[in-house]
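Report on the structure given below.
Lettering of chains follows the sequences in order, A, B, ..., and the numbering in each one begins at 1.
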Protein chains: 4
Amino acid sequence: ITLLFHCADCLSLSFGPAALIMSKGTVVLAYSGGLDTSCILAWLKEEGYDVITYLANIGQDEDFESARKKAETLGATKVFIEDLRAEFVQDFIWPAVQANAVYEDRYLLGTAIARPCIAQRQVEIARQEGAQFVSHGATGKGNDQIRFELTCYALYPEVQVIAPWRIPKFYNRFRGRTDLMEYAQKHGIPVPVTPRAPWSMDANLMHISYESGILENPKCHAPGDLYLMTKNPEDSPNARDLLEIEFKKGVPIKVTNMNEGKSVDSPLDIFSYLNEIGGKHGVGRIDIVENRFIGMKSRGIYETPGGTILLQAHLDIETFTMDKEVRKIKQGLGVKFSELVYNGFWYSPECDFVRQCIAKSQENVEGKVQLSVFKGQVYILGRESPKSLYNEELVSMDVQGDYDPCDASGFIRVNAVRLREHHRLQGFFNTKQ
Amino acid sequence: ITLLFHCADCLSLSFGPAALIMSKGTVVLAYSGGLDTSCILAWLKEEGYDVITYLANIGQDEDFESARKKAETLGATKVFIEDLRAEFVQDFIWPAVQANAVYEDRYLLGTAIARPCIAQRQVEIARQEGAQFVSHGATGKGNDQIRFELTCYALYPEVQVIAPWRIPKFYNRFRGRTDLMEYAQKHGIPVPVTPRAPWSMDANLMHISYESGILENPKCHAPGDLYLMTKNPEDSPNARDLLEIEFKKGVPIKVTNMNEGKSVDSPLDIFSYLNEIGGKHGVGRIDIVENRFIGMKSRGIYETPGGTILLQAHLDIETFTMDKEVRKIKQGLGVKFSELVYNGFWYSPECDFVRQCIAKSQENVEGKVQLSVFKGQVYILGRESPKSLYNEELVSMDVQGDYDPCDASGFIRVNAVRLREHHRLQGFFNTKQ
Amino acid sequence: ITLLFHCADCLSLSFGPAALIMSKGTVVLAYSGGLDTSCILAWLKEEGYDVITYLANIGQDEDFESARKKAETLGATKVFIEDLRAEFVQDFIWPAVQANAVYEDRYLLGTAIARPCIAQRQVEIARQEGAQFVSHGATGKGNDQIRFELTCYALYPEVQVIAPWRIPKFYNRFRGRTDLMEYAQKHGIPVPVTPRAPWSMDANLMHISYESGILENPKCHAPGDLYLMTKNPEDSPNARDLLEIEFKKGVPIKVTNMNEGKSVDSPLDIFSYLNEIGGKHGVGRIDIVENRFIGMKSRGIYETPGGTILLQAHLDIETFTMDKEVRKIKQGLGVKFSELVYNGFWYSPECDFVRQCIAKSQENVEGKVQLSVFKGQVYILGRESPKSLYNEELVSMDVQGDYDPCDASGFIRVNAVRLREHHRLQGFFNTKQ
Amino acid sequence: ITLLFHCADCLSLSFGPAALIMSKGTVVLAYSGGLDTSCILAWLKEEGYDVITYLANIGQDEDFESARKKAETLGATKVFIEDLRAEFVQDFIWPAVQANAVYEDRYLLGTAIARPCIAQRQVEIARQEGAQFVSHGATGKGNDQIRFELTCYALYPEVQVIAPWRIPKFYNRFRGRTDLMEYAQKHGIPVPVTPRAPWSMDANLMHISYESGILENPKCHAPGDLYLMTKNPEDSPNARDLLEIEFKKGVPIKVTNMNEGKSVDSPLDIFSYLNEIGGKHGVGRIDIVENRFIGMKSRGIYETPGGTILLQAHLDIETFTMDKEVRKIKQGLGVKFSELVYNGFWYSPECDFVRQCIAKSQENVEGKVQLSVFKGQVYILGRESPKSLYNEELVSMDVQGDYDPCDASGFIRVNAVRLREHHRLQGFFNTKQ
């Protein structure tokens, strides 16, 4: 058992016909319904495992029922299809909004945030079904394998992970798409009929990411028809939408379209509506080179319509209601949070700690932000809050308020003490030299 | 003399007719040619000072010759008009580009960066002309007084600052614009004929800022005709411009318009051209509430067309050529740099230190970024560099490169050691409780 | 009223005989019983104020009853003497222990922590007594004026501070100790008979600080008889004391002397006992140059016996029970906390925020630390905890535990991906150049 | 070859008699002369490798000639014994002194700093001798394997590492010391005759570390006879030594014993002499639980006599000569540096960057520190410097200097703006609730 435990990757070496007789145990496989994970399903069975498939609905465009049937046909002992959308918004996207989570100054973490959401339910199922194994179709070079597995180990420390794309027996057999297609045909797996895009994508409620294939050349411009979630700003409406977003404790509680008067107020409705508006106006497209946790640079293209609107709106209401110095400390925690989430440490003591600190900072972050959305941009227009720390009279150029301009002289002169000393000594040093 | 030194602000108490007989000394006044500083000029003379006016050309739209004549007419003993534009770009904007300088996640520091540039020349003139005093028209509630004066004290520690808007004798006399107008008429100061905008603005090569007046109500939307440097995206061209920006050591050395083939390569030309393109497409408008150094929140509207393009392009080429962990450390230094510059500490040992560290980090930041500018947005499209740390083969999904996917298993499992321990003990604690 | 408000410092200019007729209002004066604040008391009365004296017992060696009598004799309208020792330990020292609070790597903040404790009660009294003014005897160059006043303004924003050592009328009158002595004799203030030490000191339960006088020469060694709270290690016992300190939520709840079996368990008793033991063995003496908030460097000598023992013990139990990455984040917060406290921002939104975050991090910091105290040193000897994250089996060199050494290979190789890339390109660059 | 490359760890599976015929290549083995690495030497030969042994003299107490003979006897094809002591001090310890390098607030990194020093020479030899392999005797749970190998990969990216204690074939054969002893006897390896201490130790010029064995129980006190480098303070001299250490650019350039007048001035002599004095007085003993890079907590006992003296002295002269705000930024870089070094990233772009930034900060860190060493403690007594930023007149309580106390009022009031606002709104919120 120790051996099994230690070398899940290498175990395949001992897989053989004999293994077919007795199950090696039960695997909960994160199943997408696509070619790769269908092949993995078949292969795991071939290798002697009982396979439970698990497909999370986190807002991707998917025919869940057809995926269920496919899994059943391919011999899954059980099929779980879980609608995690509301949970995804509330427990994962909202904390990211509070944190102004952005990785390396640009990436809004749409994939990174989804992974722990998916995986936490996967290990819940594994525990509940008594499965000792979990499996996924993530590759060996990416971030997602880490995000999945760290979540699994954190929440189910005894679990064993089978990551076929890191098992030589598997990846040497499936060296390219052709091998998968052949295997699929042999094992009755429906083969995709539409030609595949020359890149890979990952979609959820928060964003779609595009990478690999022709995008691997960092110089190559992304084709215009790549984007699925946002309109090309060149073709987007010539009239802006005017929104009012209301926040409480740093998360949106209501969005109103000031043009139409329409408003929504549940987390899922809010986020979906912001996606709709952002998508319609082409908001949230970025093309970046980023640093993966494993130390490679990769090129990714992302579209995050609703998330981009929320980031701007939250930054605005936060600065309006949060003390300057608290903001500075919190900004640092937000950078840390983003890095932790990117690297897969959502379920870690430190991410938990940071989330709690950030949540603490959001207690007074409430109020309404008005903004317009137009041709790929979000324009903040105004804000109001019962907890505003903005004091119109104090800051006014026209009235003095409770402030004595003379104080500024002393403030500046004391701030200059150090600078004047430094200069004096600089001069002294220079003279001496 | 000690008294004089200590209480420049209160000295005015002793100003009187007798003072007219002998000069109290020479003041170098930062003169804009506008109503305020013209009144200050006249008032300083009235108080018994010889006044040298100094007007820096840092790219604002100004009739410098008419300002010179006005100053001479009002009795300035000397008039300095200095073209600092090239210096401003190279010595002030470029370091900000290297730092990805952004204050409170949004403000690109256009005013903050200009102040030390203006003030360093002001004290240079003061030293050269043997003036013991410098003066400016900044108000007592703002950041600019600090930025001006810290620069003055840092570079000319013995200087005495006369800040009329903090001197009761002055500000009690000039309680509003009407008082200034009356004084102007009495002293032969040309009075502006066009009605003033109901806000104040500050312009330079990098940006225009708008604040106060009707903008002091944070809920009030900015009127559409406020912006002078950027086109309204609703009216901007329906065709994008495609640019290629080439960087070396983290600063742009060439910009080429791929549509027209035009290219520019001196710092001033580069920045001016990016302003032109950015302005034409409505790039770089923000409306924020920010935290002033003195602890007030204020509302500011900024347009920074060229700076916004450069920020995006620099972020891209930097991540492409800089090691991940260096980037993380440098990101923190950039946040520090931005705060220091915002608060007026450009000429401080710490800002100098941070600038040198950041410059060090930029040695390999070189290459070309292609991007399009359209309807208020900058879209990064691709990049290439002789110093790229991006390894297409290593990261490829299709080839293995010099990377063993099996290593990832160990990497993940070791990263999980701590998480599994934590969970084990959590469970243990929970059981016991 | 506005005028009064703005220029408390300059107001003295208008003080005159007429002022004697009607009280200018009531001042709560932080009164030490010493020469300086006795003169201030008399002077404030002379200037037309009603004076309430307030003397906090925070553990300094003082004859409180004699101070009361002195104040009454000098005409205080009321005298408050408040025993804040228990509050000081629990609400001020304990959070510092949780934070491992150390300023500039060495100073344990004994004075800085006491100031907000004293001042918060002072403004409480001012509010309760309807006093519009508070006053103190801190000098104009130090940190304490800031710590006092920021606390006052934070908790009683409308209060007006009278800081005589910053009022020209006062400090020009009292240019040296001789002036104070003369004034004292004239006003019936008892004059100290014992010669004063050629330095100043400030004592409380946490520490004694020594500065100024002959200590202003940074090269000058402190005389051996300066220290009052700790024995000279040369004369301290030749046998160590062995202590066991038990922590819960990051604060000590019990101290046991393992030699004698004696144990104490209330906050005040614990801290006093650690002072006794630390003092007996000469623990916690430092001689440093530090950076004041106002930008000057000053030389200070401190002795913090109990605090030094607690810092070492807390560091030990904290690392034993806190996750590594949480620790790293919390360490940064502790540095921030220390800086805030040093600068006088105990009562600020950011310090409050940081304290809450740190408190959060301490929830599992519990267990027992054994240590010995001997000749100026604290030696940690061992620790145990029900919430330990130390796993003896996991880390053992002799048993494998739940850890596969093979995993380390992958861990290292993935960590090396970036380094190898960097080297490859370095070589490439070098070749090309 | 790819296969070889990928699975150095597992390769042993294919090792067999046939392998004896042809060499598998050349290994440079980090050889200590002890039982473990002698067995590894023999085993590597048995496995078919040519073995070059390499033993670095970094100041440990070792019979290098006897080690050379042992290696030759055991069949090493070449034996390198390299005196790296001067290099170790100058290129590794000095940067750590500049950084005030301390890991987790207590550990001075004596082992961590030595590893890259040893390994960089090892790969230099490997390159020079055309060896494709390097090997070491570090265990699979520790930090040292990482420090060794990251250095190897960083400087020689194509190298293959053979880490026997992570190869199942090896560690399953040698399950305990008995197995090693038996193997030694069979292969003519001299077996240690003196009984082994019930812990392991690692010594170099900077420190000795002790861990494992009976020390794995974190509650167990270390036995008194464990320490080899420092005297027990109970038995140390009853008279202090008085030293003066002179720094330039942040590193010591001269140490003078003020009692005896003796002085030393080369890096190696300085550090050795400080070790001698520190050792004589029992300075630098700590007993800690620390967090390893791989996420385990371990217990370590360290004695770092000279390093502890230097840390205190450098902290002193640094604060004396470095601007306050530069210091704060540099302090953060020092924490980062310490973490990087602990984790094995000495040769990484980020550590290189941080080292250069820190070196930059040290340009004016020069002057003399006087201190005494006594009974385990270092007492700073005084300091002087031609580049001091300490201004005795400015800070003096007795003279005013170039400082107006009135300025402090404005400074404090402006710092209070934010606090007063916060309070006002707090009250407002509370009233409304």
Side-chain angles (χ1 to χ4, degrees), chain C residues 9 104-106 139-141 145-146 149-150 153-154 157 165-166 171 212 216-221 233 287 289-291 294-298 315 319-320 324 348-349 374-377 380-384 389-390 392 394-397 403 405-406 408-409 411-412 415-416 419-420 422-424, chain D residues 9 104-106 139-141 145-146 149-150 153-154 157 165-166 171 212 216-221 233 287 289-291 294-298 315 319-320 324 348-349 374-377 380-384 389-390 392 394-397 403 405-406 408-409 411-412 415-416 419-420 422-424:
Chain C
D9 290 0
E104 293 191 339
D105 293 312
R106 288 159 302 165
T139 70
K141 286 183 174 177
Q145 54 177 345
I146 310 174
E149 297 177 28
L150 289 184
Y153 289 131
W165 288 116
R166 295 198 310 255
Y171 67 70
S212 75
E216 281 172 3
N217 178 349
K219 198 181 160 178
C220 161
H221 297 202
D287 178 329
V289 169
E290 75 199 51
N291 289 295
I294 54 167
M296 292 171 186
K297 290 189 188 291
S298 70
L315 277 171
T319 311
F320 197 53
K324 173 195 181 190
S348 67
F374 179 67
K375 292 280 179 196
Q377 266 287 24
I380 301 296
L381 303 172
R383 71 290 291 164
E384 63 184 310
L389 284 167
Y390 178 96
E392 195 168 336
L394 179 64
V395 80
S396 173
M397 298 284 256
Y403 178 81
C406 298
S409 303
F411 180 70
I412 297 170
N415 271 297
L419 310 186
R420 294 166 75 218
H422 188 256
H423 184 275
R424 187 176 59 72
Chain D
D9 291 0
E104 293 190 341
D105 293 312
R106 288 159 302 166
T139 70
K141 284 182 174 178
Q145 54 177 343
I146 309 174
E149 296 177 28
L150 289 184
Y153 289 131
W165 288 116
R166 295 197 312 254
Y171 67 70
S212 77
E216 281 172 2
N217 179 348
K219 198 181 159 178
C220 162
H221 297 201
D287 178 330
V289 169
E290 75 198 51
N291 288 294
I294 55 168
M296 293 172 184
K297 289 189 188 292
S298 71
L315 277 171
T319 311
F320 196 52
K324 175 193 179 190
S348 67
F374 178 68
K375 291 281 179 196
Q377 266 287 23
I380 301 295
L381 303 172
R383 71 292 287 163
E384 63 184 312
L389 284 168
Y390 178 95
E392 196 167 337
L394 178 66
V395 80
S396 173
M397 299 284 255
Y403 178 80
C406 297
S409 303
F411 180 71
I412 297 170
N415 271 297
L419 309 185
R420 294 165 76 218
H422 188 255
H423 184 274
R424 189 176 59 74

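Counting only heavy atoms from C-beta outward, the side chains of C:Tyr390 and D:Val289 approach each other to under 4.5 Å. Two residues are said to be in side-chain contact when any heavy atoms from C-beta on lie closer than 4.5 Å; D:Arg424 and C:Pro157 fail this criterion. With a 4.5 Å cut-off on side-chain heavy atoms, D:Met296 and C:Tyr403 count as touching. Looking at C:Leu150 and D:Asn415, their side chains come closer than 4.5 Å, going by heavy atoms from C-beta outward.
Here the closest heavy-atom approach between residue C:Arg166 and residue D:Ala408 is recorded as CD-CB, 3.6 Å. Scanning all heavy atoms of the two residues, the minimum distance from D:Lys297 to C:Lys324 falls at NZ-N, 4.2 Å. Nearest approach of C:Pro405 to D:Tyr171, heavy atoms of both residues: CG-CE2, 3.6 Å.
A donor-acceptor contact shorter than 3.5 Å is absent between the side chain of D:Gln377 and the backbone of C:Gln377.
Within the model, atoms NE2 of C:His221 and CD1 of D:Ile380 stand 10.0 Å from one another, a figure rounded to the nearest 0.5 Å. Note: C:Glu216 CD to D:Glu392 CD = 6.5 Å, rounded to the nearest 0.5 Å. Considering CH2 of C:Trp165 and SG of D:Cys406, their distance stands at 13.5 Å, rounded to 0.5 Å.
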**Request:** Under the side chain to side chain contact (heavy atoms under 4.5 Å, CB included) rule, what do D:Phe411 and C:Glu149 come out as? Steps first, then yes or no, please.
**Result:** CA-CA 11 Å; D:Phe411 180 71; C:Glu149 297 177 28; over 6 Å; no

**Request:** Show your reasoning for whether side chain to side chain contact (heavy atoms under 4.5 Å, CB included) applies to D:Thr319 and C:Glu290.
**Result:** CA-CA 7 Å; D:Thr319 311; C:Glu290 75 199 51; 5.5 Å; no

**D:Asp287/C:Arg383 under side chain to side chain contact (heavy atoms under 4.5 Å, CB included): CA gap, chis, key distance, verdict** = CA-CA 10 Å; D:Asp287 178 330; C:Arg383 71 290 291 164; 2.9 Å; yes

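For chain C, the option among D:Pro349, D:Pro218, D:Gly382, D:Ser396 with the highest count of heavy-atom pairs below 4.5 Å is D:Pro218. Across D:Ser348, D:Gly295, D:Cys220, D:Ser298, the residue that shares the most heavy-atom pairs under 4.5 angstrom with chain C is D:Ser298. Ranking D:Ile294, D:Leu381, D:Leu315, D:Leu394 against chain C, the residue ahead of the rest is D:Leu381, based on heavy-atom pairs under 4.5 Å.
With a 4.5 Å cut-off on non-hydrogen atoms, D:Phe320 touches chain C through its backbone and its side chain both. Contacts of D:Thr139 with chain C are made by side-chain atoms alone, with heavy-atom separations under 4.5 Å and no backbone atom involved.
Remark: C:Glu104 pairs with no residue by the salt bridge (Lys or Arg N to Asp or Glu O under 4.0 Å) rule, at least two apart or across chains.
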